[in-house]
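Please read all numbers here as calculations on a predicted model, not as lab measurements. For the numbers below, each heavy atom of this structure counts, side chains included, while hydrogens, waters and symmetry mates do not.
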Amino acid sequence: MTPFDALRVATTLGAQALGLGKDLGSLEVGKMADLVVFDKDPTVNLQNTAAIKFVMKNGRMYDATNLNEVYPRQAKGAPFPWNEDESPTRDKMKAAPAGKP
């Protein structure tokens, strides 16, 4: 199976198999569509699906590296809770004396 065929199975044919082909699975007028913009061509190599540049959800586009909104407005995304450098909870834990929360 080619990478293009695999993507088609996961999108268009997958939506049809679930009975949702009229609403999902391809970019067409009248269909619901959240989408992903890749830095690399996934039809050449499926591993390129990991090279995500932007994600669009509900008409808003986000930078995939930090989830900052870039369209239709610009807004900083919330910090990732698992990122030690940005987590307020972890900062409080570092500041607390040993043995005291």
- request: Step by step, work out the side-chain contact (heavy atoms from CB on, under 4.5 Å) result for Ile52 and Phe38.
  value: CA-CA 4 Å; Ile52 300 171; Phe38 298 106; 4.0 Å; yes
Spatial distance of atom [atom1] ([X]) from atom [atom2] ([Y]) [nearest 0.5 Å]:
X     : Y     : atom1 : atom2 : result
Asn48 : Thr43 : CG    : OG1   : 8.5 Å
Leu46 : Asp41 : CG    : CG    : 10.5 Å
Asp39 : Thr65 : CG    : OG1   : 9.5 Å
Asp34 : Met61 : CG    : CE    : 11.0 Å

Kindly determine whether Val44 and Phe4 satisfy side-chain contact (heavy atoms from CB on, under 4.5 Å), including the steps that lead there.
-> CA-CA 8 Å; Val44 172; Phe4 179 82; over 6 Å; no
Other ILVMFWY residues reachable from Val9 by side-chain steps of under 4.5 Å: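 Reading the cluster by chain and number, Val9 sits alongside Met1, Leu13.
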Smallest separation among heavy atoms of [X] and [Y], with atom names:
X     : Y     : answer
Phe80 : Leu67 : CE2-CD1, 3.7 Å
Met56 : Tyr71 : CE-CD2, 4.3 Å
Gly59 : Pro72 : O-CD, 3.7 Å

Note to self: Once salt bridge (Lys or Arg N to Asp or Glu O under 4.0 Å) is applied, do any residues pair with Arg60, and if so which ones, sequence neighbours excluded?
What the structure shows: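 Partners of Arg60 by the salt bridge (Lys or Arg N to Asp or Glu O under 4.0 Å) criterion, ordered by chain and then number, come out as Glu69.
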May I ask you to decide if [Y]'s main-chain N or O and [X]'s side chain share a donor-acceptor pair within less than 3.5 Å?
X     : Y     : result
Thr12 : Gly25 : yes
Asp63 : Asn68 : no
Lys31 : Gly21 : yes

Hey, any chance Leu7 and Leu27 share a hydrophobic cluster, counting ILVMFWY side chains that come within less than 4.5 Å of each other, even indirectly?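 Unlinked, Leu7 and Leu27 end up in two clusters.
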task = Tell me, with the steps shown, if Phe54 and Val70 meet side-chain contact (heavy atoms from CB on, under 4.5 Å).
result = CA-CA 9 Å; Phe54 297 107; Val70 295; 4.0 Å; yes
Would you check, one step at a time, whether the test side-chain contact (heavy atoms from CB on, under 4.5 Å) holds for Leu35 with Val55?
CA-CA 6 Å; Leu35 58 97; Val55 175; over 6 Å; no
